Amino acid sequence: MSDLRSVEPAEALLEGLNGPQREAVTWGEGPLLVLAGAGSGKTRVLTHRIAHLIYTRRARPGEILAITFTNKAAGEMRERVERLLGHSTRSMWLSTFHSACARILRSEADRLGYTRAFTIYDQADSRRLAKRSAEAVGVDMTRYKPAAIQARISDAKNRLLDVDAYRREAQDPFDEMMADVYASYQRQIHAMNAMDFDDLLLRTVELLERYDDVRARYQASFRYVLVDEYQDTNRAQYRLLQLLVGDGSDGPRNITVVGDDAQSIYGFRGADVRNILDFERDFPEAHVVKLEQNYRSTETILAVANAVIANNRGAIAKELWSDLGTGEQVQLRELDDEHAEARMIVGEIRRLLDEGAAAADVSVLYRTNAMSRAIEDQLVRGDIAYQVIGGTKFYERAEIKDAIAYLTFLVNGADVVAFSRIINSPRRGIGQTSLARITAQAQTLGTDVWDVAADAASVPGLAAAATKALTRFMETMAELRELAREGLGVAELLQAVLERSGLIAALEDERTIEAEGRIENLEQLVAVAHEFDDEHGEEASLELFLQELALVADADTRRSDSGLVTLMTLHNAKGLEFPVVFIAGLEDGMFPHSRSIDEGALEEERRLFYVGVTRAMRTLYLTHARRRAVFGSPSVAMRSRFVDEVPAHLLDVPARRSSPTSWSSGAGDGAQASAAAYRLGEDVLHAAFGEGVVTALEPGGVIVVRFAGDGSERKLMADYAPLSRP
DNA sequence: ATCCTGATTTTTTTT
DNA sequence: AAATCAGGAT
């Protein structure tokens, strides 16, 4: 390659890109569809295209709106663009759909009857509200689950149906009832100056549809719109893009979308593959670029991916190829149960680490969050550091939600959900009954709960003790609100909230290990607030802090620079790559999941498997168990049909000796005494099986050894087996 | 109002 | 297996 200094800087942005990538980066005005197979360098294309647009002065940073799937991806993209350009991109809009919408809504809130301090409800908040709405309408809650009710509402919103449209579409009495629930839900959430995740999109669409001046302003401001992971956009996001890009009557529609129909895995939340399939119909003047060269995986891994995805119908023709060589065969392992599976995985990880692999190079993927536990247990035993992405998130912990609810109530006195959460936490002697009286009064008067609660004496029927407690509580809240008005930093304010609310004191009084952990979590939240203050300086406001917090995805908290093995669901693995990947739990019913074994959904499961396989760069393990505990009770499982779709010659399946099954698994702590000779993770040499590593110690002097030769795992009597140290 | 206990449910996947 | 919930006792 030529010396960078001797070429035109714009040329330098194309350095090292292949033909189609260059074409996508340099393409001029008008719609552009980039069909980017897994590992084909689409992030590179996006960042270089943005840098190129700015460098060639076709766009100023402020004229670019780039949508990514996670905040973390947005941050990384900003960093890369800045590195390419050598200057700041602060004025560029680079965020997720939801964050961009929240930002727009914050500045236009009054048009929709909101204030800029509106609360963003997460799933749990929204579910609680759905339940309340259903009860208010008189739905028999023993027959319907709140989650199902909420899913209905969310589904309607994702299809851009407002309450009236939903009612018009109603087919049966159940739908009619749901329409009432939906109406009640929307009435309440609006009255509380709150929005759920779906509202962020829906309300922005409403805003742009209803106000020509607002639409014109944003259309003019975002001259170039770029969207990553376009295959996972839903109806609302699609409509939003149309509104932002315009109809093309006053200039070219500069929209770039990047995606891969084979990786569409969010149908369950309303994503519609047709958005990408029909792009050329929606934008007839579109230019299309296909990226088919994969720079990530070995040919064997790609052959597996291609073979499996070929079983899906109606995909855009596309064949991934790579010149990285054949590489290793894909390792297929069948184990007795989920514990043996976990031992096998951790045993292999230990071996890889001993051979010099970095922990950060290894990832274990699974279908459902619940599957992480067995693997975590073994990692802990094996003393291997790891991180879990997803599952119970930091921001969903009770104490964190409490602290956030305090802050929320300070800025949004109409937020009944926040008020309900904090009014008796810590305990103040204000229970269900008193709470119901207060909220009912607020609803009757149509005023903020804050105002009702601040005048405790005015609440009808409130007991004397409750009135007193409420008065004290609201005095504290008023003090805190005053502190907020004085322009205290978010971190300092949070600290004041934790102290004056009695939240910390109550935890300290518990004097348990658990409570100590909770206090630590709260301290961590204060640290997050400090970071926010430092980052935003003068701009830092409590409103902004809360709205950013609500949109943090767990994927955003992933650490890449550390010596940690990463565990996560296949969904969370989207967009990532690892030299070594394990896909666990490949059993019919687990993956594909039993609830999606019908036509359309099965294809989505297959795409999810495709996503998993294509995360692997060098080494891929597929594992499944003959027995697996579901809801605590064991059940037999068949190997996943997806495994059967993999051509046999690509797989390495070690011949399996029948292993002794009479010994129960689940080593206790007492195991060390009899198997003291061997320690967890220790290398051993077996006369017949060769080198291996101890992956578990079990009672009765039994050790479990994973052999390097054939990858098999065997239970041995430590005292009798022909074992020695290498 | 709060605490305890037994019953029921949870696990699809997420912004 | 763990978490949440409803009902009843205090």
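If you're wondering where the values come from, they're calculated on a predicted model, not measured in any experiment. Hydrogens, waters and symmetry mates are skipped; everything else that's a heavy atom, side chains included, is used. Order of the sequence lines fixes the chain letters, A, B, ..., with proteins taken first and strands second; residue numbering starts at 1 for each chain.
Rounding to whole angstrom units, CD of residue A:Gln547 and C1' of B:dT15 are separated by 15 Å. Summarising the geometry, the separation between CZ on A:Arg615 and C1' on B:dT13 is reported as 15 Å, rounded to the nearest angstrom. Atom-to-atom, CE of A:Met568 to P of B:dT14 comes out at 11 Å; the value is rounded to the nearest Å. Spacing between atom CD1 of A:Ile389 and atom C1' of B:dT15 amounts to 16 Å, rounded to whole angstrom units. Between the CG atom of A:Leu462 and the C1' atom of B:dA1 there is a distance of 13 Å, rounded to whole Å. A:Tyr266 has its OH atom 6 Å from the P atom of B:dT15, to the nearest Å. The CG-P distance, from A:Leu551 to B:dT14, rounds to 16 Å in whole Å. Between the CZ atom of A:Phe268 and the C1' atom of B:dT11 there is a distance of 13 Å, rounded to whole Å.
Ion pairing between A:Arg116 and A:Glu543 fails under the 4.0 Å rule for side-chain N and carboxylate O. The pair A:Asp377-A:Arg381 does not meet the salt-bridge criterion, since no charged nitrogen lies less than 4.0 angstrom from a carboxylate oxygen.
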Please write out the pairs of protein N or O atoms and N or O atoms of nucleotides 2-7 of chain B separated by less than 3.5 Å, giving the distance to one decimal.
residue	atom	partner	partner atom	Å
B:dT2	OP1	A:Gly429	N	3.2
B:dT2	OP2	A:Asn424	ND2	3.0
B:dC3	OP2	A:Arg427	NE	3.0

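At least one side-chain heavy atom of A:Arg132 sits under 4.5 Å from a side-chain heavy atom of A:Val416.
No hydrogens or angles considered: nothing links the side chains of A:Asp261 and A:Gln231 as a donor-acceptor pair under 3.5 Å.
Contacts of residues 195-206 of chain A with DNA chain B (heavy atom under 4.0 Å): A:Phe197.
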Can I get a per-line list of side-chain donor-acceptor pairs under 3.5 Å for residues 424-432 of chain A, giving both atom names and the distance, sequence neighbours left out?
residue	atom	partner	partner atom	Å
A:Asn424	OD1	A:Arg428	N	2.7
A:Asn424	OD1	A:Gly429	N	3.2
A:Asn424	OD1	A:Ile430	N	3.3
A:Asn424	ND2	A:Ile430	O	3.2
A:Ser425	OG	A:Asp402	OD2	3.0
A:Arg428	NH1	A:Tyr406	OH	3.4
A:Arg428	NH1	A:Ile422	O	2.8
A:Arg428	NH1	A:Ile423	O	3.0
A:Arg428	NH2	A:Tyr406	OH	2.6
A:Arg428	NH2	A:Ser501	O	3.2

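The residue among A:Phe631 and A:Ile265 whose nearest nucleotide of DNA chain B lies closer to the 5′ end is A:Phe631. Residue A:His593 is the one, among A:His593 and A:Ser99, whose nearest nucleotide of DNA chain B lies closer to the 5' end (criterion: closest heavy atom).
Residue contacts shown for A:Ser633 are absent, as no nucleic acid heavy atom lies under 4.0 Å away. Among the protein residues, A:Phe97 comes within range of no part of the nucleic acid, since none of its heavy atoms lies under 4.0 Å from any strand. Across all strands, A:Ser434 comes closer than 4.0 Å only to sugar-phosphate atoms, never to a base (heavy-atom distances).
For DNA chain C, the contact window with chain A, defined by any atom under 4.0 Å from a protein heavy atom, covers C:dA1 to C:dA2 in 5' to 3' order.
Residues A:Tyr266 and A:Phe69 place their aromatic rings such that the two centres sit under 6.0 Å apart. Centroid-to-centroid, the aromatic rings of A:His571 and A:Phe268 come within less than 6.0 Å. If you look at A:Phe591 and A:His624, their ring centroids are not closer than 6.0 Å.
Within the 4.0 Å cut-off from OP1 or OP2 of B:dT13, not a single side-chain nitrogen or oxygen of A:Ser596 is found. A close approach under 4.0 Å does occur between a side-chain nitrogen or oxygen of A:Asn369 and OP1 or OP2 of B:dT14.
With sequence neighbours excluded, the residues that form a side-chain contact (heavy atoms from CB on, under 4.5 Å) with A:Glu108 are A:Ile104, A:Arg111, A:Leu207, A:Val214, A:Arg217, A:Tyr218. Partners of A:Arg152 according to the salt bridge (Lys or Arg N to Asp or Glu O under 4.0 Å) rule, which considers only residues two or more places apart in sequence or in another chain, are A:Asp175.
The side chain to side chain donor-acceptor pair (under 3.5 Å) test with A:Lys157 singles out one residue from A:Asn234, A:Asp196, A:Asp198, A:Asp162, and that residue is A:Asp196. The salt bridge (Lys or Arg N to Asp or Glu O under 4.0 Å) test with A:Asp588 singles out one residue from A:Arg641, A:Arg639, A:Arg628, and that residue is A:Arg641.
Here, C:dA6 and B:dT11 have their P atoms 16 Å apart, quoted to the whole Å.
Nearest nucleotide to the side chain of A:Thr433, out of B:dA1, B:dT10, B:dT14: B:dA1.
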